Amino acid sequence: MRPNIITEAGIPTRLNQWWSSIPFVTSGVVLICGTIYLLCLLIGYDSYAEICFLPSAVASRFQVYRFYTSVLFHGSLLHVLFNMLALVPLGTELERIMGSVRLLFLMFLLATTNAILHLTIAFLVAYNPLYPAPYIVHECSIGFSGVIFSMIVIETSLSGVQSRRYAWILLVLFQFLASNVSLLGHLCGILSGFAYTYGLFNFLLPGPSFYSKIEGLSVLSVCVRRPGFILCTGGATYGQLPTYSNTSAAPSALINGNFLRNISSWMPSRQTPTAQEGEDPRFPGRARTLGAAGTEPTGREASAHLHARHTAANTVRADATVTADQVDTFDEELKKLVAMGFEKTQAEVALAAADGDPNVAIEILMSQQG
């Protein structure tokens, strides 16, 4: 027999494929945080006391801007590198489910609620009558890890895993393995994540029509047409992204192997030419799940494959806006799912992931509960 021809992709090619597979908002946050750190490094800026989250400064001088500057700045190269590598798998998974605009709003909401919780708990602990600890209101915290802890809790909930100890385990491990770690900042991130999953923030969450209006703004048309932008009603716009999921493992990006898979995907790999035959040029790679070969797909994996076939069968749209009829239909199907007993937030996310198909959404919700 004729031997197979071995092809090997170089590291730059693998890096480019890995980066192009990251959705729009997630990659944007990585670029912003990385750029801010590099600029601070180049100009020698190290006055973190001016931009960190400092409870005493927020309360006494009402410096609310610290809610958000403290999230975007990092103290060292390892700090920003580790946070961004943890964000990529988490943000990619959540952005594929929620959509780009919804995830951006969620990050803003989590940064705000984390800061409010941090401020409240810091003052309660600092001035409690039993064991006052006034030093805690003068502790300076920076970094994106608080939002990442919130996202770990949310991704764990959406994946349907019953045990939710992963974030708590990471909280304890970081305190023992790393120095200068903000225990209160990470704790508030976990609490915000649980508050979101239990529906305590539902009154702060806008409906699908709000996101569709944002996506339809002419000033954002350039962003909407960018590769990797995912509509909140399901589906990518111009750059179709490979879909993958594995709900059989623990969902936390630092535990279930997604973090290691993203690192390993940079390395060169060998493939035969038959593995690339019939490859759709719109999809980098084979668009297959990252689970074990030969296993039966879960409900969430099945919905991901259905969505991939649906988007591949249609031509690329010239206009990425969502019509009012689509929004009304989405709202009606959402009300039906809520009437069936499903939690509103999870039902809305499942329906968006199913591209508006209520049957697929029910499969996703049932697989989460199972």
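In what follows, residues are counted from 1 in the order of the sequence shown. Note that this is a predicted model, so its numbers are computed, not measured.
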Legend entry - Any donor-acceptor N or O pair under 3.5 Å, side chains T197, S157: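 Per modelled atom types, T197 and S157 side chains form no pair under 3.5 Å.
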Inset, instruction - Establish whether L72 and V147 are linked, either directly or via other cluster members, by ILVMFWY side-chain heavy-atom contacts under 4.5 Å. - result: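 Looking at the clustering, V147 is in a separate group from L72.
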Legend entry - Sidechain-backbone polar pair: T35 side chain, L31 backbone, donor-acceptor under 3.5 Å: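 Answer holds: yes.
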Legend entry - disulfide bond (SG atoms under 2.5 Å apart) partners for C140, two or more places apart: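 With neighbours one apart ignored, the set is C52.
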Legend entry - S70 vs I51 side-chain heavy atoms within contact, under 4.5 Å: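 Not in contact.
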Legend entry - Over 12 non-hydrogen atoms of neighbours within 6.0 angstrom of CG in N180: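 Atom CG in N180 is not crowded, with 12 or fewer foreign heavy atoms closer than 6.0 Å.
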Inset, instruction - Indicate the atoms forming the closest heavy-atom contact of M107 with M151, along with that distance. - result: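 Closest heavy-atom pair between M107 and M151: CE-CE, 4.1 Å.
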Inset, instruction - Work out which heavy atom in T156 is nearest to a heavy atom in I152; give both atom names and the distance. - result: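 Looks like OG1-O, 2.6 Å.
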Inset, instruction - Would you check if L205 and Y196 make a side-chain contact, meaning some heavy-atom pair closer than 4.5 Å? - result: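 The answer is yes; the side chains approach within 4.5 Å.
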Inset, instruction - Kindly write out the residues that satisfy ring pair (Phe, Tyr, Trp, His ring centres under 6.0 Å) with F67, not counting sequence neighbours, or none if the list is empty. - result: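 F67: ring pair (Phe, Tyr, Trp, His ring centres under 6.0 Å) contacts with F53.
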Inset, instruction - Please assess L94 against L158 for the test side-chain contact (heavy atoms from CB on, under 4.5 Å), listing each intermediate value before the final yes or no. - result: CA-CA 9 Å; L94 290 177; L158 293 177; 3.8 Å; yes
Legend entry - Side chains of L187 and W168 in contact at under 4.5 Å (non-hydrogen atoms):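 They are in contact (side-chain heavy atoms under 4.5 Å apart), so the answer is yes.
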Inset, instruction - Considering non-hydrogen atoms only, spot the tightest contact between A122 and I136 and give its length. - result: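 Shortest heavy-atom contact: O-CG2, 3.2 Å.
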Legend entry - Listed once per pair and sorted, the disulfide (SG to SG under 2.5 Å) pairs that draw on residues 65-108, sequence neighbours left out: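 Sorted result for residues 65-108: empty, none.
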Inset, instruction - Would you check if Y127 and V137 make a side-chain contact, meaning some heavy-atom pair closer than 4.5 Å? - result: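 In short, these two side chains touch, coming nearer than 4.5 Å.
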Inset, instruction - Would you sort out whether L217 and K213 count as a side-chain contact (heavy atoms from CB on, under 4.5 Å), showing the intermediate values? - result: CA-CA 6 Å; L217 293 176; K213 289 178 182 178; 5.9 Å; no
Inset, instruction - Enter the distance from L177:CG to L170:CG here, rounded to the nearest 0.5 Å. - result: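 Nearest 0.5 Å value for the CG-CG distance: 10.0 Å.
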Inset, instruction - Please step through side-chain contact (heavy atoms from CB on, under 4.5 Å) for the pair I121 and C188, ending with a clear verdict. - result: CA-CA 9 Å; I121 296 175; C188 292; 4.0 Å; yes
Inset, instruction - Identify whether V172 and L191 are in the same connected component of the hydrophobic contact network (ILVMFWY, side-chain heavy atoms under 4.5 Å). - result: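 Different clusters: V172 never reaches L191 through Ile, Leu, Val, Met, Phe, Trp or Tyr contacts under 4.5 Å.
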Inset, instruction - Would you please name every residue forming a ring pair (Phe, Tyr, Trp, His ring centres under 6.0 Å) with Y68, sequence neighbours left out? - result: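 By the ring pair (Phe, Tyr, Trp, His ring centres under 6.0 Å) rule, Y68 matches F108.
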Report, one line per pair, each donor and acceptor closer than 3.5 Å where one atom sits in a side chain of residues 79-88; sequence neighbours left out.
unit_1	atom_1	unit_2	atom_2	d
H79	ND1	G75	N	3.1
H79	NE2	N83	ND2	3.4
N83	ND2	H74	NE2	3.2

Inset, instruction - Taking the side chain as every heavy atom from C-beta outward, state whether V125 and L184 have any atom pair closer than 4.5 Å. - result: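 Not touching, per the 4.5 Å side-chain cut-off.
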Legend entry - Derivation of the side-chain contact (heavy atoms from CB on, under 4.5 Å) call for I148 and L90: CA-CA 8 Å; I148 290 175; L90 277 171; 3.8 Å; yes
Inset, instruction - Step through the shown structure and confirm whether more than 12 heavy atoms of other residues, nucleotides or ligands are within 6.0 Å of OH on Y65. - result: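 Buried by this count: over 12 neighbours within 6.0 Å.
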Inset, instruction - For side-chain hydrogen bond (donor to acceptor under 3.5 Å, both in side chains), just list the numbers for T26 and T92, CA-CA rounded to whole Å, side-chain angles, deciding distance to a tenth of an Å, and then say yes or no. - result: CA-CA 6 Å; T26 303; T92 298; 4.8 Å; no
Inset, instruction - Would you check if P55 and E139 make a side-chain contact, meaning some heavy-atom pair closer than 4.5 Å? - result: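 Not touching, per the 4.5 Å side-chain cut-off.
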Inset, instruction - Could you grab the distance from atom CZ of R226 to atom OG of S221, nearest 0.5 Å is fine? - result: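 Between atom CZ of R226 and atom OG of S221 there are 12.5 Å.
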Inset, instruction - Could you pull out all residues at least two apart from E95 that satisfy salt bridge (charged side-chain N to carboxylate O under 4.0 Å, His left out)? - result: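 Once residues adjacent in sequence are excluded, E95 has no partner under the salt bridge (charged side-chain N to carboxylate O under 4.0 Å, His left out) criterion.
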Legend entry - Closest non-hydrogen atom pair, L117 against S192: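 For L117 versus S192, the nearest heavy atoms are CD1-OG, 3.3 Å.
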Inset, instruction - Treat each ILVMFWY residue as a node, draw an edge where side-chain heavy atoms are under 4.5 Å apart, and state whether I116 and F194 are in one component. - result: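 Per the 4.5 Å side-chain linkage, I116 and F194 are co-clustered.
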Inset, instruction - Could you grab the distance from atom CZ of F73 to atom CD1 of I142, nearest 0.5 Å is fine? - result: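 One gets 9.0 Å once the value is rounded to the nearest 0.5 Å.
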Inset, instruction - State plainly whether the residues E348 and R102 are in salt-bridge range, i.e. N to O under 4.0 Å. - result: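 Looking at R102 together with E348, the answer is yes, because their closest N to O distance falls below 4.0 Å.
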Inset, instruction - To the nearest 0.5 angstrom, please state how far the OG1 atom of T113 sits from the CG atom of L106. - result: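 The CG atom of L106 is 8.5 Å from OG1 of T113, to the nearest 0.5 Å.
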Inset, instruction - Identify whether F203 and F210 are in the same connected component of the hydrophobic contact network (ILVMFWY, side-chain heavy atoms under 4.5 Å). - result: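 Yes, F203 and F210 fall within the same hydrophobic cluster.
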Legend entry - Flag, side chain of E215 to backbone of L231, donor-acceptor distance under 3.5 Å: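 No.
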Legend entry - Separation between CG of L77 and CG of L38, rounded to the nearest 0.5 Å: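 Reported to 0.5 Å precision, the distance equals 8.5 Å.
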Inset, instruction - List the atom of C33, the atom of F144, and the distance in Å for their closest heavy-atom pair. - result: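 Shortest heavy-atom contact: SG-CD1, 4.4 Å.
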Legend entry - Closest non-hydrogen atom pair between F229 and V224, with its separation: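 Heavy-atom minimum between the residues: CB-O, 3.6 Å.
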Legend entry - hydrophobic_cluster_shared for I36 and V29, side chain cutoff 4.5 Å: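 Per the 4.5 Å side-chain linkage, V29 and I36 are not co-clustered.
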Legend entry - Spatial distance of atom CZ (F149) from atom CG (L110) [nearest 0.5 Å]: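 The distance works out to 13.5 Å.
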